[in-house]
Amino acid sequence: MTGYQGGALEAIVVRILRREFAVAMRLDAAGPVAPITAPRVPCQLYVHVPFCESLCPFCSFHRVEYREDKSRSYFKSVQRELRLYRDRGFQFRDVSIGGGTPTVNPGELLETIRLIRSFWDIRSLSVETHPNDLTPHVLDGLQSARVDRLSVGVQSFDDVLLRAMGRVHAHESAAAIVGRLAAARGRFATLNVDMIFNFAGQSVQSLERDVAILRELAVDQISFYPLMTAPSAARRMQGSLGAADPARRIALYQQILAGLRPHYEPSSAWCFTRASAQSIARPIDEYITQSDDYVGVGSGAFSYVDGRLYSTTFSLNRYRALIEGGASGVTGCRTFTRKQRMRYDLLVKLFGLALPYAYIDAKYGRSFRWRMSPELTALRVSGLTRHDPDAIRLTDRGMAVWIVMMAEFFTAVNAFRDQMRRHIRLEWPGPSASRPTAIAPRRFAS
């Protein structure tokens, strides 16, 4: 991997992928969408909680500013939708709850987790949170709910960048975040820290310091994402953070990989697990690599079942109305062609570092190898993959390029999110209510 800096190869990959992913993300939301059919085997459940106390300028996920009454009503709709999937015979084993900030209303979150566990025999449950929510009371509640993996969205330990993101206030600092993480360490089977690289103002020295702090903290898992923004987020970032340079992604990724090894080893192209804990099978944020099918519950969630991609409405009001009418929140669907499904599996499984031959032969037979032969040959000849007796695996060089490929995939998803947002009304009822003036103290329901 030494000396590899991207350049022409990255430019070609990005150009091809932008075209392919733009086509794949054209969902048909014009008419009624048939209900998702339960897969034959248990699949992944994702629950989306779109509320945040403040909206970060770089974030392209579906999110709205927190208001307690809105969040209570929303969680009740989510719980009804979960009942609907139970009644339709869906089976889930692994659960990810993301956002937004799911812990923004911890009482409702805890009730939702209890409901999930009462419906299904859950093997692993992951929850995302904000560093500000790493309080003893919230952590106690999450432990009591048997959360296996807590993923903390830190993004950076650089105070200048954090202030530009609006993620710390005058009396807070990255040092305070480090202290909260240290206090949370050991309370869950996996403590993951989410980081972002390639901010416009992020220097090599700043990134090196982030990596050094993470090594010192010795958390179980680190997810280092390249900055991925929808067009609307890119415009928002201009004022506070400036425009990022995509050409830096591979060089910065190389720096991260070199800085984390040998203390951490990749579990996916951008998720790293502490080397001493590699023997334990740990879930990661990109649950799409761990299950063929997944079902998304909540406004703005996506599902992928049996080669079909589904989206739920991005309107909280429409979502509530659909659920109260006895339907799911799904309003868009696209059926992938067989070749698109093969490309999707190639992308996602190699993002998880290996594409086993047994997996592709069971799913597609020998047709995968001949229909995908141009792609497989190009990957091998360019040194991005190696073909072992049991699987196709990414090389270090391949991982560097794969973070670009996944970034382009999620950028296409983010562009679709922008399109969905343009079709909904403002969530808040009027100018005076457009921004909450106070946030009620958050506590678990007794």
Could you report the tightest heavy-atom contact between G99 and E128, atom names first, then the distance?
N-OE1, 3.3 Å
Here the pair of heavy atoms bringing C333 nearest to Y310 is SG-CE2, 3.6 Å
Would you mind reporting whether L309 and Y344 have side-chain heavy atoms less than 4.5 Å apart?
no
Residues Q155, L161; criterion side chain to side chain contact (heavy atoms under 4.5 Å, CB included); working and verdict:
CA-CA 9 Å; Q155 321 313 354; L161 283 175; over 6 Å; no
Any donor-acceptor N/O pair, Y85 side chain to S328 backbone, under 3.5 Å:
no
When rounded to the nearest 0.5 angstrom, what distance separates NZ in K70 from CG in L316?
6.0 Å
Within the structure provided, determine whether C43 and F92 are in side-chain contact (heavy-atom separation under 4.5 Å).
yes
Could you report the tightest heavy-atom contact between S77 and Y319, atom names first, then the distance?
CB-CE2, 3.6 Å
Any donor-acceptor pair under 3.5 Å from T273 side chain to Q221 backbone
no
Under the side chain to side chain contact (heavy atoms under 4.5 Å, CB included) criterion, do L353 and R393 qualify, and how do the steps go?
CA-CA 6 Å; L353 304 183; R393 288 183 169 85; over 6 Å; no
Check whether any side-chain heavy atom of F51 lies under 4.5 Å from a side-chain heavy atom of N105, and answer yes or no.
no
Side chain proximity check, Q91 to W120, heavy atoms < 4.5 angstrom
yes
Is the backbone N or O of S173 less than 3.5 Å from a side-chain atom of D159, with the two atoms forming a donor-acceptor pair by type?
no
Please round to the nearest 0.5 Å and tell me the distance separating atom CG of L257 and atom CG of L252.
12.5 Å
Between W402 (side chain only) and V348 (backbone N and O only), is there a donor and an acceptor less than 3.5 Å apart?
no
Salt bridge present between D293 and K363 (N-O < 4.0 angstrom)
no
Report yes if some heavy atom in the side chain of F224 is under 4.5 Å from a heavy atom in the side chain of L260; otherwise report no.
yes
Is it the case that the side chains of E108 and Y74 hold a donor-acceptor pair, with the cut-off being a distance below 3.5 Å and no angle test?
no
Say whether, by atom type as modelled, one donor and one acceptor occur between the side chain of D210 and the main chain of F157 under 3.5 angstrom.
yes
Using side-chain heavy atoms (C-beta onward) and a distance below 4.5 Å, is L217 in contact with V178?
yes
Not counting sequence neighbours, which residues clear salt bridge (Lys or Arg N to Asp or Glu O under 4.0 Å) with D158? List them please.
none
Is E81 reaching over with its side chain to a backbone N or O of G329, donor-acceptor style, under 3.5 angstrom?
yes
Do other residues, nucleotides or ligands put more than 12 heavy atoms under 6.0 Å from the CD atom of E216?
no
Using the six-membered ring wherever Trp is involved, compare the ring planes of W270 and Y225 and label them parallel, tilted or perpendicular (cut-offs 30° and 60°).
perpendicular
Looking at every heavy atom in both S124 and D94, which two are closest together, and how far apart are they?
OG-OD1, 2.6 Å
For S151, the option from T129, N192, T190 that meets side-chain hydrogen bond (donor to acceptor under 3.5 Å, both in side chains)
N192
Let me see the working for D292 and V41 under side chain to side chain contact (heavy atoms under 4.5 Å, CB included), right down to the final yes or no.
CA-CA 10 Å; D292 272 7; V41 297; over 6 Å; no
Is there side-chain contact between L322 and T312, with heavy atoms separated by less than 4.5 Å?
no
Give a yes or no on whether the backbone of L191 and the side-chain of R185 come within a donor-acceptor separation of less than 3.5 Å.
no
L150 and R187, any side-chain heavy atoms less than 4.5 Å apart:
no
Test your reading of the model: is there a side-chain donor-acceptor pair from R215 to the backbone of G259, 3.5 Å cut-off?
yes
For the side chain of R117 and the backbone of R146, is there at least one donor-acceptor N/O pair under 3.5 Å apart?
yes
Search all heavy atoms of S223 against all heavy atoms of C271 and return the closest pair with its distance.
OG-SG, 3.7 Å
Drop me the distance from R209's CZ to L214's CG, to the nearest 0.5 angstrom.
10.5 Å
Taking it one step at a time, do Y253 and M399 satisfy side chain to side chain contact (heavy atoms under 4.5 Å, CB included)?
CA-CA 9 Å; Y253 177 81; M399 286 194 297; 3.4 Å; yes
Could you check, using the six-membered ring where one of them is a Trp, whether Y304 and F336 have ring centers closer than 6.0 angstrom?
yes
Classify the ring geometry of H48 against Y46: parallel below 30°, tilted from 30° to 60°, perpendicular beyond 60°.
tilted
Where the side chain of T101 meets the backbone of T103, is there a donor-acceptor pair that is under 3.5 Å apart?
no
Nearest heavy-atom neighbours spanning R274 and Y264
N-CD2, 3.2 Å
